[in-house]
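We number each residue from 1, following the sequence as shown. For ligands, and for the atoms within them, numbers begin at 1 and follow the listed sequence.
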Amino acid sequence: MKRINRYLRPALLATAALGALPAHAAGGHGPMPYSFEPDTGNLASVQRGARNFMNYCSGCHSMAHLRYSRLGADLGIPEDMLAKNLMFTSDKPGDHIMSAMPAEASAGWFGATPPDLTVTTRMRQPQWVYNYLMTFYLDDNRPLGTNNLILPGASMPNVLGSLQGWQVMEEAHGEQDEGGHGAHAGPSFKRVSEGSLSDKEFEKFVADTVNFMVYAAEPGRADRVSMGMKVILFLLLFTGLAWLLKREFWKDVH
Ligand code: HEC
């Protein structure tokens, strides 16, 4: 028994460690205050997200693995509309989505080069990115005056502050608030100035943007999912037919 234990224990520990890995890769900065499930099947949302990204993010961030033409084809955006509304950093649809910003200069301006965002939702998880965009808060100790709950010390300015409104973070004590409403585990945020969007509109803005990023990380995914459904339907149908056939064959044997 002891002997088995000697082998079993490390194996179990290794398995446990493996199980813990995704949480670590996802950032592991404690609980995330917002839950989020991406929905790339919602074409209108992904289209709005593309518009958000081009307007608010592509000034600093590239999506070097995605071409405008692919984006247009997948999202059903005609080329002239694409050129007029989304292509700010290039005039050729075959081009990759590059940022307008020179990398070395931006490292000097922000203290970090804005990373390419093509596959960020795969490396960080969609929920991480959603929470990152929701939790910028005012902090006098930071050079740009803002900090972030999910990426503490983030050198990205709060580019959506005028939409969301500016907020401060209040440390949580893991207790119930005065009204006795549900126990707050994580920190909470208090708005100190109104943004141009309501809370609901801003949540939708961020959800659209992250849906677009999830699409960009795997442009062929929607095709594959619908193909998968067809294959499963076919297999079900085929099983049914095979069963009928078998019944037919065995009828005479009994
Ligand atoms: C003014 C330039 C600028 C703009 C505009 C900007 N970012 Fe950033 N972003 C940065 C910088 C700089 C960093 C690096 C932060 C760090 O590592 O401290 C960053 C980091 C990030 C990260 C974290 C990536 C990672 O894996 O660590 C995400 C996600 C992100 N940005 C998303 C966005 C989105 C979405 C938008 C548009 C709504 C946007 N950014 C607009 C400058 C910008």
Taking the side chain from Arg122 and the backbone from Ala217, do they hold a donor-acceptor pair closer than 3.5 Å?
-> yes
Could you pull out the N/O/S protein atoms under 2.8 Å of atom 8 (Fe) of ligand 1, ignoring any water?
-> His61 NE2, Met156 SD
salt_bridge(Lys251, Glu248) N-O dist < 4.0 Å | yes
Would you give me the side-chain donor-acceptor pairs under 3.5 Å for residues 229-245, sequence neighbours excluded?
residue: Thr239; atom: OG1; partner: Leu235; partner atom: O; Å: 2.7

Asn211 side chain to Ser45 backbone, donor-acceptor under 3.5 Å = no
Salt bridge Arg70-Asp74, side-chain N to carboxylate O under 4.0 Å = yes
Do any nitrogen or oxygen atoms of Thr209 lie less than 3.5 angstrom from nitrogen or oxygen atoms of ligand 1?
-> no
Check whether any N or O atom of Ser155, backbone or side chain, sits under 3.5 Å from an N or O atom of ligand 1, and answer yes or no.
-> yes
Which pairs pass side-chain hydrogen bond (donor to acceptor under 3.5 Å, both in side chains) with one or both residues in residues 150-165, sequence neighbours excluded?
-> none
Please report the closest heavy-atom contact between Thr40 and Val46, naming both atoms and the distance.
-> O-CG2, 3.8 Å
Return yes if some donor-acceptor pair links the side-chain N/O of Thr146 with the main-chain N/O of Pro157 below 3.5 Å, else return no.
-> no
Any idea which part of Met123 is under 4.0 Å from ligand 1, heavy-atom wise: side chain, backbone, both or neither?
-> neither
Would you tell me which option among Tyr132, Phe53, Trp128, Tyr56 has the nearest heavy-atom contact to atom 22 (C) of ligand 1?
-> Tyr132
The closest protein heavy-atom partner of atom 27 (O) of ligand 1 is Arg124 NH2, 2.8 Å
Could you pull out all residues at least two apart from Phe53 that satisfy ring-ring contact (aromatic ring centres under 6.0 Å, His included)?
-> Phe212
Name the closest protein heavy atom to atom 12 (C) of ligand 1, giving the residue it belongs to and the distance to 0.1 Å.
-> Ala112 O, 3.4 Å
Below 4.0 angstrom from a heavy atom of Ala154, which ligand 1 atoms are there? Numbered from 1 as shown, please.
-> 18 (O)
